[in-house]
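As structure tokens, the structure follows; a few thoughts come after it.
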Amino acid sequence: MKLESAFFDRDVLAVASELVGKLLVRKFDDGSVIKLRIKETEAYRGEEDKACHASKGKTPRTEVMYSHPGSIYIYLIYGMYWMLNIVTEKENIPQAVLLRAAGEYDGPGKLTKALKITKEFNNFNISNCPQIWIEDDGYIHRIKTLPRVGIDYAGQEWASKQWRFVDKNKN
DNA sequence: TCTCCGATTCACT
DNA sequence: GTGAATCGGAGAA
């Protein structure tokens, strides 16, 4: 079953942990479809989270994080890689889940490259988009939690939070 | 305008 | 283990 926007209208920590094990589905322009089991996610939680882009407040870039649940937040990192995020919680609560790994693609940059995801998808809604969506096929997920990656600049308090969720069966 | 630097990856040593 | 690639957002000037 396809995940509806109600699934994303909850706290980012619940959504990020439950997304592990779900199927990320991508339909390409030529009609071909691939489904990838989500293996790793990270949660970014509001303006108080110094690792979250929204910690700087509402800007043109972070505006999509303040919009309705299920919105897709795409941004370019290191001038080379697109990051794929899904917004959670109601309007004006800036939270998002970063998809870090799915199927055989281990790493957020590799994932978006394989899925041909670019900034065109920014602000789309994953519960209402014919090109990308998420399905629940009943897979029972088992996860472990780890600190988030690449956010030392946010300070020890935030960098040490166990807000990365990884499939226990990964590898 | 100008400067700094990042939610990464890969090639090298 | 170290460093380069590469560019747009954010803040300073």
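Chain A is the first sequence line, chain B the second, and so forth, proteins listed ahead of strands; every chain is numbered from 1. Everything numeric in this text was worked out from a predicted model, so none of it was measured.
- Where stacking is scored as ring centres under 5.5 Å apart with planes under 30°, A:Tyr81 does not register as stacked on the base of B:dT8.
- No option in A:Lys22, A:Lys35, A:Lys2 other than A:Lys35 meets the salt bridge (Lys or Arg N to Asp or Glu O under 4.0 Å) test with A:Glu135.
- At the phosphate of C:dG9, neither OP1 nor OP2 sits under 4.0 Å from any side-chain N or O atom of A:Thr59.
- A single hydrophobic cluster is not seen to contain both A:Trp133 and A:Val64; linkage of ILVMFWY side chains at heavy-atom distances under 4.5 Å, directly or through other members, places them apart.
- Considering only heavy atoms from C-beta on, A:Lys113 stays 4.5 Å or farther from A:Leu111 through its side chain.
- Atom pair A:Leu76:CG and B:dA7:C1' shows a separation of 12 Å (rounding to whole Å applied).
- For the pairing with A:Leu98, the side chain to side chain contact (heavy atoms under 4.5 Å, CB included) check across A:Leu84, A:Thr41, A:Asn85 returns one residue only, A:Asn85.
- At a cut-off of 3.5 angstrom, the base of C:dA5 holds no donor-acceptor pair with the side chain of A:Tyr78.
- Stacking between A:Tyr44 and B:dA7 is present: the aromatic ring centre lies within less than 5.5 angstrom of the base six-membered ring centre, and the two planes differ by under 30 degrees.
- Between A:Lys110 and A:Gly150, it is A:Gly150 whose nearest contact on DNA chain B lies nearer the 5' terminus.
- Under a hydrophobic-cluster definition in which Ile, Leu, Val, Met, Phe, Trp and Tyr are linked whenever side-chain heavy atoms come within less than 4.5 Å, directly or via other members, A:Val97 and A:Val25 are assigned to different clusters.
- Rounded to a whole angstrom, the distance from the C1' atom of C:dG8 to that of B:dC10 is 22 Å.
- Where DNA chain B pairs in unbroken runs of 3 or more (Watson-Crick or G-U, both distances under 3.5 Å), the stems are B:1-6 with C:7-12, B:8-12 with C:1-5.
- With a 6.0 Å radius and a threshold of 12 heavy atoms from other residues, nucleotides or ligands, A:Asn128 has its CG atom at or below the threshold.
- In the set B:dT8, B:dG6, C:dG9, the nucleotide with an atom closest to the side chain of A:Pro108 is B:dT8.
- Of the C1' atoms belonging to C:dG1 and B:dA7, the separation is 22 Å, rounded to the nearest Å.
- Contact check, A:His53 against C:dG9: no side-chain N or O comes under 4.0 Å of OP1 or OP2.
- Dashed line: the shortest gap from a side-chain N or O of A:Arg100 to OP1 or OP2 of B:dT8 is under 4.0 Å.
- When distances run from any side-chain atom of A:Lys56 to the nucleotides C:dC7, B:dG6, C:dG11, the shortest one goes to C:dG11.
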